[in-house]
Amino acid sequence: MDNFSETRHEVARITCIVHQQLSGEVTNCLRTLGVQSVLVESARCVRQRMRARFSGLPGLLVNLTDDPMEIFRTTVPRASAERVVRALAATADLHTPGHGSIYAQDLFEVARRCDPPEIQPGVDGDEIVLRDMTLLTGILSMAGSGDALAGIALKLGAAVPVISLGSGTGIRDRLGLLRITIPPEKELVHLMVPTHDAAGLQRLLIEEGRFDRPGGGFLYQTPIRAGVVDPLMRIGRQEHAASIEQVIAAIDDLKKGTAWRKRFLGLEPGIDSARRLVRNHREIGFICTEGQTAAFVYAAMCAGAAGATTARLRRLCFKDTDDGVAACERGILCVPAAMASAVVDALCQVAVSCGDPVFRLQLIDAPIVFSHQRNGESQP
Amino acid sequence: MQTLPKIHIPLRAAIAMVRDYARSRVMEQVKSVAFIILYLIGFQMLVLRTAPAQALQISVGVGMVVFGLTFFLEGLFLGLMPLGERVGLQLPQRGGIVAIIVFGLLLGVGSTLAEPAIAALQVAGQSVTPWVAPLLFRLLENEPGKLVISIGAGVGVAVAFGMVRFYYGVSIKPFVFILIPLLLIASVACALDPNLNSIIGLAWDAGAVTTGPVTVPLVLALGIGVSRAIGKQKGGSSGFGIVMMASAFPVLGVLILGAMLNSSTPAPVSEADFFSPAHRQTALQLVDSDNELLSMAFQRGGETGRQAFFADEEKYRETVTSLKDPVVRRNLLGKMSLQEWFLQRASDTERAWIPVEFLQKAPLTENSGSEIVSVLRVESGRAMRAVIPLTALLLIVLLLFLRDKLQRADEVVLGIGFTIIGMILLASGIHLGLAPLGDQVGRPLPRVFQSVALEEGRILLEPFDPGQVLTSFQLNGESEQFFYLKDRRGTPRPVPFDPARYDPQTQRYEHIIKRPPLFGPKLTLAGIGLVLLFAFGMGFGSTLAEPALRALGRTVEELTVGTIKRTDVVRAVSIGVGLGLIVGVARILYEIPTIWVVVPPYLLLLLLTFWSEEEFAGIAWDCGGVTTGPVTVPLVLAMGMGIGGELNVIDGFGVLAMASAYPVITVLLYGMIVRIRQRRSFERTEKANENG
């Protein structure tokens with residue numbers, strides 16, 4: 001069914017990451033807004049916890065602590081994106097530190113049935129949103145490396161890292177039974193950083209996070225159209241009336257952007273890291289019924305992709321007429337722009353042949369990608 | 001569509017990959033069993049001051065436990081759990097509610113038949129006597145089939161209920177609040193009847209041990225699959241709760257069976273009455289024949305029972321003397337050796353009837369042969385029976401009924417193979433290594449708290465010269481005779497001389513070796529404290545190595561994206577088991593009625609469940625069901641038997657039930673701590689907002 005790939009819709013993907021306590025309110029808000037279905041993924045966000053040393057010794061103990069979060073993803077017409085972001089930010093009170101973050105990304109969506117929801121009027125808030133943000137996504141293979149990267153990101157003051165889990169497929173599946181010797185578990189680290197600093201932070205994360213070693217992982221940028229960040233990087237003992245992150249968030253709001261805090265000026269990139277940074281890629285994300293991923297990944301690999309990272313999602317349907325499939329999976333591939341069309345076509349063909357009712361595919365630019373792989377190929 | 005070629009890995013690289021993979025997995029298991037092994041050996045050497053016997057066999061056994069755990073867990077994660085989850089995922093979509101209920105019933109009953117807990121229960125009840133607890137004896141010895149069916153039916157109903165709960169997205173709390181009070185009320189009602197009172201411990205222990213190491217991960221994976229497919233529950237950890245029900249319903253099943261059989265079971269009587277010829281017809285309701293009754297008198301009874309059995313004193317003496325004949329001995333003592341009977345059951349009069357020199361010549365144990373091979377053979381059969389029928393049921397449902405494909409079939413088949421190999425090695429290793437080690441520590445444990453010297457053995461000194469006996473005087477003028485005897489190191493030690501044990505005709509002197517109490521003849525409180533400490537450490541250490549708990553911990557960590565760490569869950573459960581064992585052992589030591597140790601923790605659990613969050617309630621109650629697995633049960637039983645046997649307690653029941661209840665308390669408390677910590681950042685900002 002060729003028309004599958006012809007029907008590319010210009011939409012915005014809304015990603016709302018909130019504390020688990022707020023998930024009910026966000027779900028109700030999305031239902032009120034008129035969204036048909038939403039994909040929910042479990043995650044955790046990592047923060048630094050400061051506390052006094054035992055026995056009154058000088059200095060503070062800093063360790064990492066995590067909160068249970070839920071990631072809500074849905075697509076809306078681009079024209080409604082900011083209203084939805086504001087409405088959700090107001091509902092979950094995302095300007096209060098610790099509640100979570102939200103962002104909208106412009107992308108193309110291919111779906112069997114794409115009826116963009118008619119966003120109900122009167123529910124948008126007057127929240128201030130930032131427009132010069134970038135999403136850094138790290139896909140890491142080693143157990144515990146997500147926490148390590150999160151620790152570095154917090155140390156650099158980059159953002160509050162959000163970690164979700166996934167499984168790697170690709171070369172591993174071509175090893176036969178020897179694949180069991182390679183753990184498939186992946187940790188996905190999501191960082192919402194200022195666009196002006198994205199490249200600098202990416203380089204620092206690559207170097208300090210040891211991405212430039214075999215098995216180190218994969219780190220790429222995707223653009224954000226608008227969003228609200230969670231500034232609560234540290235909890236526990238505070239020495240001042242407001243933390244530095246809260247002060248920065250307040251100035252961001254006053255200046256309506258993050259350009260004022262560009263800081264990685266004159267940063268020399270590591271030679272090796274720079275060589276491996278590749279440009280002009282696409283992140284292809286597809287959603288399918290749980291258990292169908294293997295066929296899609298296989299088709300994508302046949303079309304040239306090196307592999308994919310899959311994650312389990314829960315699908316909430318707000319319309320009675322929907323198919324009612326709750327257990328879904330999301331596959332992420334990062335491929336060179338030249339290869340994207342072929343991969344998209346291959347994925348759409350599988351969707352047609354297996355008749356997956358929930359299949360949809362999302363395509364977004366990934367301008368700067370880093371992988372240990374020499375050719376920088378797609379190996380998330 | 002083009003096909004992807006398989007990547008060829010050179011042999012050397014492949015070997016290196018397998019080596020690294022195997023090393024990491026084995027080291028993980030070494031860490032998990034290290035605590036319990038070092039703890040047992042340390043306790044034996046430092047507290048009991050005895051050297052581990054059968055060191056080679058135990059070392060081989062421990063090695064087998066490590067490799068068994070490695071294979072078993074890897075097999076679960078590669079094969080059984082993905083298979084179970086796949087079936088759970090497809091069942092609601094393609095089968096519907098009726099199919100779910102039927103499958104749940106089949107799986108529950110099948111798992112109980114495949115992994116019969118009855119063997120462990122029979123070990124716990126091996127000292128049960130038909131005169132003190134006739135109903136308990138009848139259930140365990142005469143009608144174990146009915147007992148297995150009642151437990152199986154309980155598990156079947158539990159799995160079916162659990163699946164229906166996921167299907168309709170019902171919270172676990174109403175089930176806990178209805179089921180547990182119902183069980184407590186039923187137990188209290190049973191406690192009022194002397195016969196039914198004896199089966200309360202059995203019922204609660206049946207609930208604890210019924211969920212085996214294969215069933216638990218399978219049921220867990222299945223529940224997670226169904227829960228994901230339905231998608232009605234929020235949060236990451238939906239899918240828990242079936243194991244809890246699989247622990248609770250069998251309790252009800254056993255109590256109902258007991259109530260049904262109670263009217264046709266004789267009432268408890270004294271030992272003398274039970275064996276007396278006048279009471280023979282009633283006794284034969286519980287024991288098949290006169291011969292079995294006689295062997296019962298020898299194996300479980302005392303001198304009173306044996307005397308009562310024989311109206312004629314001469315016949316009684318003749319039968320005891322005939323124990324010299326191996327055939328008679330096998331008939332009357334069963335697997336018990338003559339030495340064991342001599343030390344545990346015989347009275348001084350009976351001992352005098354058997355010549356000491358014969359006792360020294362009699363073989364120490366009645367069984368012989370190559371033990372490792374026979375254990376491997378037996379355990380292979382059990383492992384096959386535990387894994388293959390359940391796997392076959394899942395495959396049949398998945399492939400034929402649900403018409404689904406088996407994803408990564410090679411991996412699943414390899415996983416099932418690993419599970420079987422792992423189970424064989426694990427069970428054999430426990431049989432050869434861990435259980436004997438636990439036995440070596442558990443059985444002499446009463447020495448720690450008892451204030452009397454215990455007889456360890458007898459030696460015959462021949463020829464003995466009474467002229468070498470010396471006399472020692474105390475300050476008050478009292479005298480005591482003694483002579484010097486060389487110990488194992490060849491150092492002469494003074495030992496007391498008892499003139500009654502010297503036979504001038506044969507010039508033989510029978511010396512009884514006694515081991516003094518560890519804490520002196522009067523101090524017992526410190527000894528009891530040490531026993532309780534030992535119980536805690538053993539419960540803690542053995543639970544750390546429990547495979548089903550490790551599978552549950554990993555599942556919890558995955559579903560909560562690491563906000564609840566597997567190591568924390570395992571530790572919380574292990575602490576709970578340790579505390580449970582303290583209570584269980586205290587129950588044996590102080591002869592506290594089972595009902596008094598069962599009811600209070602469960603009432604506390606109801607309160608904690610009420611206060612705790614939904615997702616933690618499911619995890620915590622499931623933890624209670626997974627604790628009593630293949631590693632913990634033999635060790636706990638060895639300890640329970642050691643203490644219980646020495647104190648002549650009717651049975652060792654109740655300890656396992658405690659090891660099942662207290663982990664739920666600790667995990668619920670741990671859950672509350674985690675939630676308080678996680679809400680700290682959230683609630684603080686909430687309050688700030690309200691004030692602002």
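Letters A, B, ... are given to chains in the order of the sequence lines, protein chains preceding strands, and every chain is numbered from 1. All values reported here derive from a predicted model rather than from experimental measurement.
- Side-chain contact check for B:Glu74 versus A:Ile180: every heavy-atom pair is 4.5 Å or farther apart.
- Of the two parts of A:Arg312, the backbone and the side chain both hold a non-hydrogen atom closer than 4.5 Å to a non-hydrogen atom of chain B.
- Contact annotation for residues 409-417 of chain B against chain A (heavy-atom separation below 4.5 Å, listed by residue number): B:Asp410, B:Glu411, B:Leu414.
- One distance of note links CZ of A:Arg174 with CD1 of B:Ile9; it measures 10.5 Å at 0.5 Å rounding.
- With values rounded to the nearest 0.5 angstrom, B:Thr563 atom OG1 is found 11.5 Å from A:Met69 atom CE.
- More than 12 non-hydrogen atoms from other residues, nucleotides or ligands lie less than 6.0 angstrom from CZ of B:Phe418.
- At a 4.5 Å heavy-atom cutoff, the contact between A:Glu185 and chain B is made by side-chain atoms alone.
- Between chain A and the options B:Asp20, B:Val674, B:Leu89, heavy-atom pairs under 4.5 Å are most frequent for B:Leu89.
- The minimum heavy-atom distance linking A:Leu165 with B:Val561 is given by the pair CG-CG1, 3.6 Å.
- Counting heavy-atom pairs closer than 4.5 Å to chain A, the top-ranked of the candidates B:His8, B:Arg86, B:Gln90 is B:Arg86.
- Side chains of A:Gln20 and B:Thr560 form no contact here, defined as non-hydrogen atoms less than 4.5 Å apart.
- Considering every non-hydrogen atom in both A:Ala326 and B:Arg228, the closest pair reads CB-O, 3.7 Å.
- Put simply, CZ on B:Arg19 and OG1 on A:Thr181 are 12.0 Å apart, with the number rounded to the nearest 0.5 Å.
- For the set A:Val46, A:Asp66, A:Thr65, the entry with the most heavy-atom pairs within less than 4.5 Å of chain B is A:Asp66.
- Using a 4.5 Å cut-off between heavy atoms, A:Leu313 touches chain B through its backbone atoms (N, CA, C, O) alone.
- Interface with chain A: from residues 78-85 of chain B, residues B:Leu78, B:Glu85 qualify, criterion being any non-hydrogen pair under 4.5 Å.
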